[in-house]
Amino acid sequence: MMSGEKVICRRVSDGVLINIPHTFDLKQIADSGQCFRLTALQDGGYVAVTDMKLVKITPGTNGGYVFHCPYDEFRDVWMPYFDLSADYEAYQQKMAGDLFLREAIAAGGGIRVLRQNLWEMVVTFIISQRNNIPRIRKAVDILCQTFGTPLGEIDGQQFYSFPTPAQLRGQDLSPASLGYRESYVKEMAEYDEDFWVQLQKQDDDTARKTLIALRGIGEKVANCVMLFGLHRMDSYPRDVWINRMIDDIYHGNFDPSQYAGFAGYVQQLQFFYYRKTAKEESV
DNA sequence: CACCAGGTAGGAT
DNA sequence: ATCCTACATGGT
């Protein structure tokens, strides 16, 4: 490995310490818009949830984070979830020729493309259409609290799994205020488990077509599901921000295929940084 | 009271 | 194929 990221990963008394200095930052990930269920605690810590697993993560005393869980769980669940085995520094080096991406790395280089649950991503990004990020987070939260399974309490707060299709099937989803998206979600819940299993096995083009054929999923949501739910790293979702950014920064001319194998990571960096600068200007 | 928010379906051209 | 518009809801 040419770049050789300096990764510290070892057992400590209360869990597992992980430190990847330039390419793993939970605050940046939580603000990156790919994940709506990473919860910030008072002290700079976070709670992460995936499937039926729940973990408390606190800042390490010399940087990095401590995952408060057994080592086996860290290795089998959280390493893959946060994509910690991939060499993001190598990706970053391949972006060095692009000024905007160098700035984006300086601002958000700690972002990683998470491997989230496929079904959860389908529902979450259906909800995301023509919606804003705080409201997406709230709707997902209500779905979990109302229809999910309690997983445990951390710092006095109860956390829940994302509801399975069976848990949503036939339910009145109105507490989540999904608006016109509610019928889309209800229809999604009617597909059986095997449908989603088959989707994971399909190649990129087939999977994208399968997704777009579903009511409520167009090209953009399909690409988000591909990237965040199927970890298809060549997927490059184009939303309003990415389109504005391409117009603004690249004069309407940007080809993600030049970053084959990590175009989705490039998209995340661009999305994060362009939105961040827009927010700062609007203040 | 307008306008906006990680778009999409369904219909018209 | 490509363009047009309605769409639920809650926040400025």
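In this text the structure is predicted, and so the values were computed from the model without any measurement. Just so we're on the same page: letters track the sequence lines, and every chain starts at 1.
Between Phe100(A) and Tyr273(A), the two ring planes are tilted [angle within 30° to 60°]. Taking the six-membered ring for Trp and thresholds of 30 and 60 degrees, Phe254(A) and Tyr250(A) have ring planes inclined between 30 and 60 degrees apart. Taking the six-membered ring for Trp and thresholds of 30 and 60 degrees, Tyr191(A) and Trp196(A) have ring planes more than 60 degrees apart, a perpendicular arrangement. Ring pair Phe74(A)/Tyr71(A) is tilted by interplanar angle, where 30° to 60° counts as tilted.
Think of the region where chain A sits on DNA chain C: with heavy atoms and a 4.0 Å cut, that region ends 5' and 3' at dC7(C) to dG10(C).
In terms of the side chain to side chain contact (heavy atoms under 4.5 Å, CB included) criterion, residue partners of Glu187(A) (sequence neighbours excluded) are, by chain and number, Arg215(A). Legend: residues meeting salt bridge (charged side-chain N to carboxylate O under 4.0 Å, His left out) with Asp31(A), ordered by chain and number and at least two apart, are Lys27(A). Checked against side chain to side chain contact (heavy atoms under 4.5 Å, CB included), Ala40(A) has the following partners two or more places apart in sequence or in another chain: Tyr46(A). Partners of Gln198(A) according to the side chain to side chain donor-acceptor pair (under 3.5 Å) rule, which considers only residues two or more places apart in sequence or in another chain, are Asp194(A).
Across the protein-nucleic acid pair, Asn131(A) atom CG and dT8(B) atom C1' stand 13 Å apart, rounded to whole Å. Computed from coordinates, the Lys279(A) NZ to dA5(B) C1' distance equals 13 Å when rounded to whole Å. Taking atom CZ of Arg137(A) as the reference point, atom P of dG6(B) lies 11 Å away to the nearest angstrom. Rounded to whole Å, the distance from CD on Glu187(A) to C1' on dT8(B) is 13 Å. We find that CG of Leu211(A) is positioned 17 Å from P of dG7(B), with the value rounded to whole Å.
Counting Ile, Leu, Val, Met, Phe, Trp and Tyr side chains that sit under 4.5 Å apart, directly or through other members, Ile111(A) shares a hydrophobic cluster with Phe272(A).
Side-chain atoms of Arg181(A) come within 3.5 Å of backbone N or O of Arg130(A) as a donor-acceptor pair. The closest donor-acceptor contact from the side chain of Thr149(A) to the backbone of Ser161(A) lies at 3.5 Å or more, if one exists at all.
Straight-line distance between the P atoms of dC4(B) and dA6(C): roughly 15 Å, to the nearest whole Å.
Within residues 24-39 of chain A, the residues approached by DNA chain B to less than 4.0 Å at the level of any non-hydrogen atom are Ser32(A), Gly33(A), Gln34(A), in residue-number order. Within residues 250-267 of chain A, the residues having any heavy atom closer than 4.0 Å to DNA chain B are, in order of number, Gln267(A).
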Could you list, one pair per line, each protein nitrogen or oxygen that sits under 3.5 Å from a nitrogen or oxygen of nucleotides 9-13 of chain B, together with the distance?
residue : atom : partner   : partner atom : Å
dA9(B)  : OP1  : Leu214(A) : O            : 3.3
dA9(B)  : OP1  : Gly216(A) : N            : 2.9
dA9(B)  : OP1  : Ile217(A) : N            : 3.4
dA9(B)  : OP1  : Ile217(A) : O            : 3.3
dG10(B) : OP1  : Arg215(A) : NH1          : 3.4

For nucleotides 1-4 of chain B, which of its nitrogen or oxygen atoms have a protein nitrogen or oxygen under 3.5 Å away, and what is each distance?
none

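Applying the ring-ring contact (aromatic ring centres under 6.0 Å, His included) definition to pairs two or more places apart or across chains, those involving residues 205-234 of chain A are Phe125(A)-Phe228(A). Under the side chain to side chain donor-acceptor pair (under 3.5 Å) criterion, the residue pairs touching residues 52-66 of chain A are Lys56(A)-Asp155(A), Thr58(A)-His68(A), with sequence neighbours excluded.
When heavy atoms are screened at a 4.0 angstrom cut-off, Ile136(A) is found touching no nucleic acid atom at all.
A donor atom on one side chain and an acceptor atom on the other are found under 3.5 Å apart for Thr210(A) and Gln202(A).
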